[in-house]
Protein chains: 2
Amino acid sequence: MANIEDVARLANVSIATVSRAFNNKPDVSEKTKARILEIARSIGYEPSVPARSLTKRKTNTLGLIVPDISNPFYGEVVRGIEDTCHNHNYNVILCNADNKRDKEFLYIDMLKNRWVDGIIFHSDYFTERHYEVFKGKKIPLVLAGRATKYDILYVAIDNFKAAYDATNYLISLGHERIGIIHGPLNGMEETVDSVDRFLGYKKALKDAGLKVYDELIKEANFKAKGGYKAAKMMLEGEIKPTAIFAISDMMAIGAINAVFDSGFKCPEDVSVIGFDNIDLCEVIRPPLTTIAQPMYQIGAVAAKLLVKIIGGEQVEQKSVLLDHELVVRKSCSRL
Amino acid sequence: MANIEDVARLANVSIATVSRAFNNKPDVSEKTKARILEIARSIGYEPSVPARSLTKRKTNTLGLIVPDISNPFYGEVVRGIEDTCHNHNYNVILCNADNKRDKEFLYIDMLKNRWVDGIIFHSDYFTERHYEVFKGKKIPLVLAGRATKYDILYVAIDNFKAAYDATNYLISLGHERIGIIHGPLNGMEETVDSVDRFLGYKKALKDAGLKVYDELIKEANFKAKGGYKAAKMMLEGEIKPTAIFAISDMMAIGAINAVFDSGFKCPEDVSVIGFDNIDLCEVIRPPLTTIAQPMYQIGAVAAKLLVKIIGGEQVEQKSVLLDHELVVRKSCSRL
DNA sequence: ATGAAAGCGCTAACAT
DNA sequence: ATGTTAGCGCTTTCAT
């Protein structure tokens with residue numbers, strides 16, 4: 001592989017001049033610059049990124065830790081991140097941590113050793129230990145997809161309000177027995193999405209003067225099968241819901257299937273509303289009414305924010321809460 | 001950040017000895033090694049990957065070029081790759097190239113400059129120009145998801161046979177007017193998946209002595225909406241199919257919706273079979289019968305192969321054709 | 001078993 | 001406008 005010295009020799013200049021030419025420094029004559037670039041091209045030379053990283057102490061690389069890239073939700077977020085990085089001349093190292101603490105810390109360590117310029121971290125949980133590890137390592141960090149009480153930048157949506165809106169929509173359609181299928185609450189110690197959404201649901205019911213039935217509150221694992229089981233139990237119970245709010249689209253889809261399998265119809269007998277707005281929503285029958293999260297945007301904005309911080313812009317960077325949106329399709333109807 | 005010199009000083013040894021300790025070289029006394037490691041730990045030292053890459057001329061990084069990570073299909077493949085890389089101490093740089101030639105070549109260039117140890121390339125097309133670029137750059141390469149006539153290692157399935165099997169299954173159920181929704185054929189110059197599958201479909205019909213109706217051959221873009229439109233046209237035509245083979249699950253799902261929207265039932269009136277076996281298949285109604293591609297395996301095997309080549313094992317590496325599988329669910333019925 | 005020193009490919013002072 | 005040189009943090013001969 002050709003290196004800077006080869007180019008210098010062939011162009012009859014010093015390696016410093018070659019370096020200048022490639023870094024667009026002002027103090028190289030246009031003529032020599034052109035000659036250098038041409039010679040470089042002819043022998044297929046381009047600067048070595050690792051070598052550059054070493055001297056500049058900057059790798060132009062972002063570390064990206066997500067739970068699971070095979071989940072379409074994260075696929076969208078990551079797509080937003082990668083697109084943005086590409087536009088800003090960064091590359092992305094992808095890490096699947098499965099929401100597992102050890103895997104996360106292991107990856108954080110690896111990324112640190114790789115001198116990544118920053119990390120975008122996406123996980124169901126952000127604990128005190130996370131906070132301390134990141135602080136200790138002093139790596140620029142942006143949390144994606146969730147807010148936090150720590151002084152760490154994040155890009156997310158207002159989960160409480162989003163769930164409030166979803167529930168309220170059901171109420172506005174005349175529903176009174178509204179069930180919820182939420183995710184793991186984890187003792188409600190941490191500010192997990194699931195907790196916020198659950199709280200938003202309860203608040204909406206209370207504000208409308210409606211009763212909160214314990215029988216209509218079920219927990220599942222964010223997946224279709226979990227949603228199916230939870231809905232099935234609800235529908236076979238004493239108090240039957242006329243509407244169900246599932247806090248992820250996959251669970252909502254499971255719930256719709258449960259409605260049919262229980263001998264009811266959706267939306268005629270039971271309305272179902274989801275959360276996320278993944279592509280599937282328009283494809284299934286009935287098309288799913290849901291709360292849209294700007295997944296791509298979450299990724300894109302997080303990446304932009306991180307790149308800015310790395311660039312050292314002291315412009316008082318702030319966390320961002322993006323807007324959610326109610327997308328009305330056909331899975332909910334007036335009571 | 002602590003470096004190797006700091007550790008050396010504190011441990012009263014030379015940096016060479018520290019290096020040996022961290023590289024598990026045999027010629028360091030257990031005692032000093034332990035001391036060095038302990039001191040390193042106490043000041044939070046770990047070797048710099050960029051510096052190491054420079055001397056060793058090895059980055060322990062793989063470049064990964066895929067069309068679009070937000071597509072669940074590639075999500076699975078990438079998941080297989082990343083898991084495998086993680087197990088072999090490699091990291092992965094993710095690149096979305098959208099099947100665009102320029103973006104692909106740009107990424108290949110970037111990855112080369114980053115001295116990645118190898119590249120896994122996944123794209124709808126692998127042209128002569130691709131072949132030449134890769135040969136020119138001399139980067140270890142494995143093609144994922146598709147075969148090629150060039151002397152390049154690949155990991156894929158036998159698309160021709162898979163399509164043959166799908167069609168044959170329909171035939172075995174008594175169907176005679178079997179439509180196909182295929183992808184872009186691109187003049188059929190290149191060995192694209194779409195072409196192989198289309199050919200497999202025709203061969204199965206011919207082998208069974210069935211007529212190939214031009215009216216039952218439609219092209220779409222691999223997405224649900226495309227499948228919907230294609231199926232709609234077919235169902236409204238003169239010659240109505242009793243079964244449809246869509247060469248991707250997303251198109252199959254679109255087709256199922258089209259069946260219902262046209263006033264027919266699936267599978268009673270029209271059977272539909274898909275291709276890929278994405279998670280969705282079990283979630284929609286009716287659950288989709290399909291040809292399963294081992295997506296995770298494609299990624300995992302490709303990564304394993306690449307890591308082996310990089311390791312210099314001359315063990316006559318061979319391309320791999322993985323098995324596909326017919327997964328019978330409820331979207332097809334006997335005529 | 002350990003150290004000294006060269007070198008990986010580049011950038012960034014400091015000269016001229 | 002261009003060259004010289006000292007690093008960046010590490011591995012790897014070559015000595016001892």
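In what follows, every chain begins at residue 1, and chains take the letters A, B, ... in the order their sequences are listed.
- Taking 4.0 angstrom as the limit, B:Ser48 places none of its side-chain polar atoms (N or O) nearer than this to OP1 or OP2 of D:dG9.
- Atoms CG (B:Asp6) and P (D:dC10) sit 9 Å apart, rounded to a whole Å.
- The residue A:Asn113 sits apart from the nucleic acid: no heavy atom pair falls under 4.0 Å.
- The interatomic distance linking A:Arg114 (CZ) with D:dC8 (P) rounds to 22 Å, in whole Å.
- Among the nucleotides D:dG3, C:dC10, C:dG3, the one closest to any side-chain atom of A:Ala16 is D:dG3.
- A centroid separation of 6.0 Å or more is found between the aromatic rings of A:Tyr150 and A:His130.
- Checked for salt-bridge contact, A:Lys137 and A:Asp109 meet the test: a charged N lies under 4.0 Å from a carboxylate O.
- Protein atom CG of A:Asn3 is 5 Å distant from nucleotide atom P of C:dG9, rounded to whole Å.
- Of all the residues in residues 19-34 of chain B, B:Arg20, B:Asp27, B:Val28, B:Ser29, B:Thr32 reach under 4.0 Å from DNA chain C with at least one non-hydrogen atom.
- Residues A:Tyr154 and A:Phe126 keep their aromatic ring centres 6.0 Å or farther apart.
- Atom CZ in B:Arg57 sits about 18 Å away from atom P in D:dC10, given to the nearest Å.
- Across D:dC10, C:dG3, C:dC8, the shortest atom-to-atom separation from the side chain of B:Thr17 is found for C:dG3.
- One interatomic measurement links the two molecules: CD1 of B:Ile43 to C1' of D:dG9, which rounds to 13 Å at whole-angstrom precision.
- Salt bridge status for A:Lys56 with A:Asp117: absent, with no side-chain N to carboxylate O gap under 4.0 Å.
- Residue A:Glu46 contributes atom CD, which lies 18 Å from atom C1' of C:dT11 at whole-angstrom precision.
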Next item on the list: Starting from the C-alpha separation in whole Å, work towards a yes-or-no answer on ring-ring contact (aromatic ring centres under 6.0 Å, His included) for B:Tyr107 and A:His86.
Entry: CA-CA 10 Å; B:Tyr107 270 124; A:His86 184 67; 4.7 Å; yes
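- For A:Ile15 and D:dT5, the CD1 to C1' distance is 9 Å, given to the nearest whole Å.
- The phosphate of C:dC8 (OP1 or OP2) has no side-chain N or O of B:Arg52 nearer than 4.0 angstrom.
- For the residue pair B:Lys103 and B:Asn96, no side-chain donor N or O sits within less than 3.5 Å of a side-chain acceptor on the partner.
- Close placement of the A:Tyr45 and A:Phe22 rings is indicated, their centers lying within 6.0 Å of each other.
- Distance A:Lys58 NZ to C:dC10 C1': 16 Å, rounded to the nearest Å.
- Side-chain proximity of B:Lys56 to D:dT12, C:dG3, D:dG9: nearest is D:dT12.
- When the nucleotides C:dC8, D:dT12, C:dC10 are ranked by their closest atom to the side chain of B:Leu54, C:dC8 comes out on top.
- Using a 4.0 Å heavy-atom criterion, one finds that B:Val13 contacts the sugar-phosphate atoms exclusively.
- Regarding contacts with the backbone of D:dG3, a side-chain N or O of A:Ser14 is found under 4.0 angstrom from either OP1 or OP2.
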